[in-house]
Structures are given as C-alpha cells and as structure tokens.
Enquirer: 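First the structure, which I've put down as structure tokens, then a few questions once you've had a look.
Below, each value reflects all heavy atoms present in this structure, side chains not excepted, and no hydrogens, waters or symmetry copies.
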Amino acid sequence: MTSEPTSESIPETSEQELAERGSNRSQRPQSQAFREFVGADWAPRTEPDVTREPVADHAARRRDAISAAFSGERLVVPAGPLKVRSNDTDYRFRPHSAFAHLTGLGTDEEPDAVLVLHPEEIGHEAVLYFRPLAGRDTEEFYADSRYGEFWVGARPTPAELETRTGLRCAHIDELPDAIAKDAGQVQLRVVPGSDTAVEALVERIRGESAEEADAALAEALSELRLIKDEWEVEQLRAAVAASAEGFADIVRSLPTAVAHPRGERVIEGVFGAKAREEGNGIGYDTIAAAGDHATTLHWIRNDGAVRAGELVLVDAGVEVDSLYTADITRTLPVDGTFTDIQRTIYTAVLDAADAAFAVARPGLKFRDLHTAALEVLAERLEQWGLLPVEASVAITPEGQQHRRWMPHGTSHHLGLDVHDCAQARREMYLDAELVPGMVFTIEPGLYFKADDLAVPEAYRGIGVRIEDDVLVTADGVENLSAALPRRPEDVEAWMASLAR
C-alpha cells in the first residue's frame with residue numbers, strides 16, 4: 001500500500017483548471033474559423049404546423065381558479081431543472097406536476113421553464129418564461145449538450161409555445177427582473193421542492209423565509225387536482241387502456257419469464273416496452289413480484305425467478321404523454337390456474353374490493369372505502385382462525401390486529417402523479433366526501449410472508465393485491481380498468497385465451 005500524498009506533493013491547481021475538468025474529454029473545436037463555418041449554409045427552418053392544444057382551455061380555467069385563491073399575489077410555478085444521472089448524463093426530464101397541470105405541457109418539454117402569474121387589478125397575467133430555440137450562429141447550437149439543437153433537437157420558438165398554450169412567452173433571462181417587480185409590496189410565493197435555483201432567487205427577492213406561504217400554494221395546487229375535468233378523464237382512460245395491453249403482453253411473456261433465472265425482469269421489461277410504445281413511459285417503478293416477493297409491498301428489485309404453481313403480483317401503470325398515469329394491480333397464477341388456497345385468499349381480497357365498490361358513491365367519505373374493505377378482510381381472517389380476537393374487536397382503533405396482513409391504505413387519488421393530490425389537507429382528502437370527477441384506486445390486499453409463524457404453512461409466501469382505477473360519476477363509480485378480468489375464473493379464462 002502506498003502512502004498518502006503529503007501537502008507538499010500535491011501540485012497546485014488553478015481555479016480555471018478545476019473548472020475545465022468537466023470538459024476534459026471534449027474535442028470541441030475552438031477556432032473562430034470553425035464557428036463561422038458551422039453557423040453558415042443551413043437551409044431555412046421549416047416552420048412546424050402547430051395549433052392550440054385541446055388542453056389549453058382547461059389549463060386556462062385551472063389558472064383562473066388558482067388566481068382567484070391568491071388575488072394580488074405573484075405566484076411562481078417552475079417546471080424544474082434537468083437532473084444529473086451521472087457525470088454528463090441527465091435523467092429524462094419530467095416537469096413538476098403543478099407546472100404541467102397549469103400549462104398543459106407534458107413530456108420532455110422545457111426544462112428550467114417557469115410559469116409566473118403576475119397580479120393585475122383583476123386576476124393575473126400568466127407568463128411562461130423559457131429558453132427558446134437558439135440560432136445556428138450561436139455556440140449553444142453545436143456545443144451545448146444539454147440544450148443545443150445539435151445534441152437534443154430543436155427547441156420551440158416563443159411563437160410556437162404561445163400558439164400551443166395560449167400563454168404569453170418570454171425569455172428565461174427576463175425572469176429575475178419580472179418576479180422582483182414591486183418587491184416588498186406584493187406577496188411572492190413559489191412552489192417548494194420544484195427548482196432550488198428559482199426558490200433561491202425568490203428567497204433573495206423576499207429577503208426572508210416564507211415556508212408557510214409556499215406550502216399553502218403547494219397545498220392549493222394539489223387540491224386543485226382533486227376533481228378531474230373531462231380532458232383529464234380522457235387522458236386517464238388512455239393510460240388505463242394502454243396499461244391493459246401491457247398486462248396482456250405480460251401474460252404472453254410468462255413462459256419466457258419462467259425459463260429465465262430473473263423472470264421478474266422479463267415481466268418488468270415487457271410492460272416497460274408497452275409503456276414506451278404507447279405513452280411517455282411507466283408512471284412509477286413496476287412491481288413484478290413473484291412468490292414470496294409479492295408480500296413485500298413495494299418490491300421493485302424484480303430480480304427473482306417466476307415459478308409455475310406460484311402467483312406473480314404485478315403493479316404497473318402506463319404514463320401517457322400528457323403525464324397522466326394508470327395504476328393497476330393484478331395477481332396472476334403463473335401457470336394459468338389458481339390452487340385451492342390461492343383461490344381462497346384471492347377471493348377474500350376480491351370480496352373486499354367489491355365491498356368498497358358497493359359503497360362508493362357521491363357523498364360517501366373517502367376514508368369509508370378503506371373501512372368497507374377492511375371489514376371484509378377482518379371477517380375472513382377471523383373465519384380462517386388467524387386473528388387473536390374477534391373481527392369486530394380487531395377493526396376498532398384499539399385493535400387493528402388484522403393490519404398485520406393488510407398494512408396499507410385501500411385507496412389513493414390518481415392523476416398526474418400515481419399518488420395524486422398528496423399535499424391536500426386531510427379534510428380535503430381522507431375526510432372529504434366523494435364528488436363526481438374524482439379518480440382514485442381501490443386496492444385491498446393480503447400478504448402472508450414466508451416466515452410468518454402466525455399463519456398456517458399453506459398460506460406462507462402468498463401475496464395478493466387487486467387494484468382498479470375508479471371514476472366517481474353522478475350516481476356511483478365507474479371502474480376504468482374493468483377490461484382486465486378480476487374474478488378468478490375470468491382471470492384463468494383470459495390467461496388461457498392469450499396462451500393460444
């Protein structure tokens with residue numbers, strides 16, 4: 001082992017040298033001759049045929065709603081920056097959900113953009129600040145691997161974005177002066193956790209922390225998404241339909257998955273391919289959990305074998321280009337047929353889900369869905385002799401013994417985020433009444449781990465979850481994911497039909 005270098009042996013390094021380390025692999029020409037040559041002799045750009053997007057009117061109404069809630073204040077809603085994956089490679093960009101909701105802009109569009117609602121005498125003027133397409137005579141065109149047209153393709157012009165969104169657009173360089181206007185006289189809020197650079201800029205302008213004010217804006221933007229408009233429902237229908245196709249592909253892939261030592265990865269990959277073909281990608285990391293892995297609620301390692309005779313729990317959703325995502329779970333018998341004990345456990349979960357469906361209607365409290373499902377599961381666990389107390393005692397706040405095998409919630413809102421509206425107040429979420437336009441999941445489960453000595457050996461290593469996406473209507477609910485079979489006999493028949 002060599003000795004550590006002493007301070008005398010470390011060569012001095014200039015600040016300039018340190019700054020250039022990030023580009024020490026670059027062979028980019030620096031000559032003026034090259035710059036002149038690369039910027040010349042390009043055909044005129046073909047103007048893209050852009051029109052006002054269908055979402056634009058809906059986004060305008062959403063902005064009006066948030067404007068009314070914060071009259072006279074300046075609201076800053078960043079899309080967020082690109083995030084480094086490693087060295088000079090970024091993650092695929094996805095804008096902050098609040099930005100997407102208020103602008104209608106979706107996949108891979110406008111990193112670093114910022115929507116600002118400037119207060120006016122009545123309402124607000126919404127302005128989109130972004131980095132527009134650079135000329136071919138600029139260094140950005142050929143040298144900037146993050147934003148340059150040579151590297152990532154052409155960016156939109158202000159005129160294009162204005163046509164598509166109906167928003168006035170301005171260069172991102174104008175942002176500091178724009179939000180500093182009337183500093184100290186106008187309340188300034190920024191969406192927290194969206195863009196640290198923009199948040200720091202806002203903080204400097206305010207001169208003081210305003211965490212509560214910013215949190216109130218995030219809360220209001222989250223609650224704005226609790227009721228979906230007709231355009232959002234269309235997007236969710238598309239996401240669910242694409243996801244159903246992905247589940248069919250999974251069934252077709254099961255023989256390959258069984259033959260592969262990491263068959264869970266086969267399932268994950270098949271669904272991911274469908275998600276990229278039909279949408280932006282997956283809405284969240286796919287859970288492809290075979291055997292005992294299905295008893296781990298968020299199993300996303302997906303590195304296990306898929307074995308005949310066992311179950312595989314797949315929790316997956318396609319995110320469409322508008323960023324709305326499905327969230328569906330099906331638990332499948334790998335060889336196409338449930339064993340008796342698998343069917344018994346599966347049926348208990350299905351009955352719990354059906355109980356939640358049966359009570360779901362406008363006026364019901366959101367948390368009551370959970371209660372309805374857990375009452376069924378507690379009763380079934382009592383019948384099987386697994387509870388140390390009666391089901392009626394277990395479901396009391398002082399009991400809860402049944403939660404050993406069903407530890408998660410039964411429902412969550414769904415939309416731009418898989419757990420949408422997560423920053424809404426409790427009285428607007430868990431304690432709120434269902435109203436038409438809400439979209440959420442119903443997803444009870446039972447999970448008996450392989451080393452759980454509180455259950456018979458036959459139960460161990462079996463995890464079952466059934467999850468559907470639900471739209472509240474005027475007189476009840478619609479199961480958006482009903483095209484995917486749920487009853488065990490229907491699951492078996494469906495799988496058999498896809499195996500032919």
Enquirer: Taking NZ, NE, NH1 and NH2 as the nitrogens, is one of them in Asp490 or Arg487 under 4.0 Å from a carboxylate oxygen of the other?
Expert: yes
Enquirer: How close do Ala372 and Ala355 get, counting heavy atoms only, and between which atoms?
Expert: O-CB, 3.8 Å
Enquirer: Could you walk me through whether His58 and Arg61 pass the side chain to side chain donor-acceptor pair (under 3.5 Å) test, one step at a time?
Expert: CA-CA 5 Å; His58 296 285; Arg61 285 193 289 271; 2.7 Å; yes
Enquirer: Identify the two heavy atoms, one from Leu115 and one from Ala126, that lie closest to each other, and give their separation to 0.1 Å.
Expert: CD1-CB, 4.2 Å
Enquirer: Hey, does Leu221 have a side-chain heavy atom less than 4.5 Å from the side chain of Leu102?
Expert: yes
Enquirer: Is there a side-chain contact between Pro485 and Val491 (heavy atoms, below 4.5 Å)?
Expert: yes
Enquirer: Report, as yes or no, whether the 6.0 Å neighbourhood of atom CD on Glu211 holds more than 12 heavy atoms from other residues, nucleotides or ligands.
Expert: no
Enquirer: Strictly under 6.0 Å, is that where the ring centroids of Tyr284 and His419 end up?
Expert: no
Enquirer: Answer yes when Arg52 and Glu162 have at least one side-chain N-carboxylate O distance shorter than 4.0 Å, and no when they do not.
Expert: no
Enquirer: Salt bridge check, Arg146 against Asp88: does any charged N sit closer than 4.0 Å to a carboxylate O?
Expert: no
Enquirer: For a quick check under 3.5 Å, do Glu319 and Tyr324 share a side-chain donor-acceptor pair by atom type?
Expert: no
Enquirer: Will you find, in the side chains of Trp231 and Asp57, an N or O donor that is under 3.5 Å from an N or O acceptor?
Expert: no
Enquirer: For Cys169 and Phe130, which heavy atoms make the closest approach, and how far apart are they?
Expert: CB-CE2, 3.8 Å
Enquirer: Ser253 side chain to Thr256 main-chain N or O, any donor-acceptor pair under 3.5 Å?
Expert: no
Enquirer: Between Gln342 and Thr339 (side chain of the first, backbone of the second, donor and acceptor by atom type, cut-off under 3.5 Å), is there such a pair?
Expert: yes
Enquirer: Is a salt bridge present between Arg361 and Glu433, judged by a nitrogen-to-oxygen distance below 4.0 Å?
Expert: no
Enquirer: If you define the side chain from C-beta out and look only at heavy atoms, does anything of His96 sit under 4.5 Å from Val77?
Expert: no
Enquirer: Is Arg403 close to Leu374 at the side-chain level, that is, under 4.5 Å between some pair of heavy atoms?
Expert: yes
Enquirer: Would you check if the side chain of Ser222 reaches a backbone N or O of Ala218 as a donor-acceptor pair within less than 3.5 Å?
Expert: no
Enquirer: Does a sphere of radius 6.0 Å around CD in Glu427 hold more than 12 heavy atoms from other residues, nucleotides or ligands, not counting ones at 6.0 Å or beyond?
Expert: yes
Enquirer: Parallel, tilted or perpendicular: which fits the ring planes of His293 and Trp299, with parallel below 30° and perpendicular above 60°?
Expert: parallel
Enquirer: State, without any angle test, whether Asp292 and Thr295 hold a side-chain donor-acceptor pair at a distance under 3.5 Å.
Expert: yes
Enquirer: Heavy atoms only: give me the nearest Tyr447-Pro407 pair and the separation to one decimal.
Expert: CD1-CD, 4.0 Å
Enquirer: Rounded to the nearest 0.5 Å, how far does CG of Leu217 lie from CD1 of Ile66?
Expert: 6.0 Å
Enquirer: Could you tell me whether the side chain of Leu381 reaches within less than 4.5 Å of the side chain of Trp405, counting heavy atoms only?
Expert: yes
Enquirer: Under a 4.0 Å N-O cut-off, is there an ion pair linking Arg425 with Asp431?
Expert: no
Enquirer: Measuring from Leu414:CG to Asp469:CG, what's the distance to the nearest 0.5 Å?
Expert: 5.0 Å
Enquirer: Is it true that Arg460 and Glu457 make a salt bridge, defined as a side-chain N closer than 4.0 Å to a carboxylate O?
Expert: no
Enquirer: Between the side chains of Ser481 and Asp468, does any donor sit under 3.5 Å from an acceptor?
Expert: yes
Enquirer: Run through Arg330, Met406, His408 and flag the one making a side chain to side chain contact (heavy atoms under 4.5 Å, CB included) with Arg465.
Expert: His408
Enquirer: Would you say Asn302's side chain and Ala288's backbone share a donor-acceptor pair under 3.5 angstrom?
Expert: yes
Enquirer: Give a yes or no on whether the backbone of Ile395 and the side-chain of Glu375 come within a donor-acceptor separation of less than 3.5 Å.
Expert: no
Enquirer: Could you tell me whether Arg155 and Glu110 make a salt bridge, using a distance below 4.0 angstrom between a side-chain N and a carboxylate O?
Expert: yes
Enquirer: Might you confirm whether atom CZ of Arg301 has over 12 heavy atoms from other residues, nucleotides or ligands at distances under 6.0 Å?
Expert: no
Enquirer: Nearest 0.5 Å, what's the CZ-CD1 distance between Arg276 and Ile282?
Expert: 10.5 Å
Enquirer: Measure from the side-chain N and O atoms of Thr331 to the backbone N and O of Val464, and report whether any donor-acceptor pair falls under 3.5 Å.
Expert: no
Enquirer: Testing His413, His412, Lys228 for side chain to side chain donor-acceptor pair (under 3.5 Å) with Asp420, which one passes?
Expert: Lys228
Enquirer: Compare every heavy atom of Gly463 with every heavy atom of Leu313, then report the nearest pair and how far apart it is.
Expert: CD1-O, 4.1 Å
Enquirer: What distance separates Arg426 CZ from Arg367 CZ, expressed to the nearest 0.5 Å?
Expert: 7.5 Å
Enquirer: Please report the C-alpha distance between His298 and Asp285 in whole Å, then the side-chain angles of each, then the deciding distance to 0.1 Å, and finally whether the side chain to side chain donor-acceptor pair (under 3.5 Å) criterion is met.
Expert: CA-CA 9 Å; His298 287 174; Asp285 286 336; over 6 Å; no
Enquirer: Just verifying a value: how many Å separate Arg225 CZ and Cys421 SG, rounded to the nearest 0.5 Å?
Expert: 5.5 Å
Enquirer: State whether the side chain of Ser497 and the backbone N or O of Trp494 hold a donor-acceptor pair below 3.5 Å, judged by distance alone.
Expert: yes
Enquirer: Please tell me if the side chains of Leu446 and Leu377 come closer than 4.5 Å, counting only heavy atoms from C-beta onward.
Expert: yes
Enquirer: What verdict does the salt bridge (charged side-chain N to carboxylate O under 4.0 Å, His left out) test give for Arg237 and Glu478, after you've listed the backbone C-alpha separation in whole Å, the side-chain angles of each residue and the deciding distance to 0.1 Å?
Expert: CA-CA 11 Å; Arg237 289 187 189 279; Glu478 176 188 350; 2.7 Å; yes
Enquirer: For Tyr147, is the NZ or CZ atom of Arg131 found under 6.0 angstrom from the centre of its six-membered ring and inside 45 degrees of the ring axis?
Expert: yes
Enquirer: Is any side-chain heavy atom of Thr165 closer than 4.5 Å to a side-chain heavy atom of Leu105?
Expert: yes
Enquirer: Quick one: pull up OH in Tyr129 and CD1 in Ile172 and give me the separation to the nearest 0.5 Å.
Expert: 9.0 Å
Enquirer: More than 12 non-hydrogen atoms from neighbouring residues, nucleotides or ligands closer than 6.0 Å to CH2 on Trp384, yes or no?
Expert: yes
Enquirer: With no hydrogens and no angle check, is any side-chain donor or acceptor of Thr441 less than 3.5 Å from a backbone partner on Glu443?
Expert: no
Enquirer: Determine yes or no for a side-chain-to-main-chain donor-acceptor pair under 3.5 angstrom, with Asp321 supplying the side chain and Asn280 the backbone.
Expert: yes
Enquirer: Report the C-alpha distance between Arg380 and Asp351 in whole Å, list the side-chain angles of each, state the deciding distance to 0.1 Å, and finish with yes or no for salt bridge (charged side-chain N to carboxylate O under 4.0 Å, His left out).
Expert: CA-CA 10 Å; Arg380 211 60 55 89; Asp351 289 347; 3.1 Å; yes
Enquirer: Salt bridge between Asp335 and Arg307, side-chain N to carboxylate O under 4.0 Å?
Expert: no
Enquirer: Where is the tightest heavy-atom contact between Arg262 and Asp303, given as atom of each residue plus distance?
Expert: CG-O, 3.4 Å
Enquirer: Identify the residue among Asp249, Val266, Thr286 that makes a side chain to side chain contact (heavy atoms under 4.5 Å, CB included) with Phe271.
Expert: Thr286
Enquirer: Are any of the side-chain nitrogens in Asp90 or Lys83 under 4.0 Å away from the carboxylate oxygens of its partner?
Expert: no
Enquirer: Using a 4.5 Å cut-off on heavy atoms from C-beta on, say whether the side chain of Thr329 contacts that of Val314.
Expert: no
Enquirer: With no hydrogens and no angle check, is any side-chain donor or acceptor of Ser67 less than 3.5 Å from a backbone partner on Arg63?
Expert: no
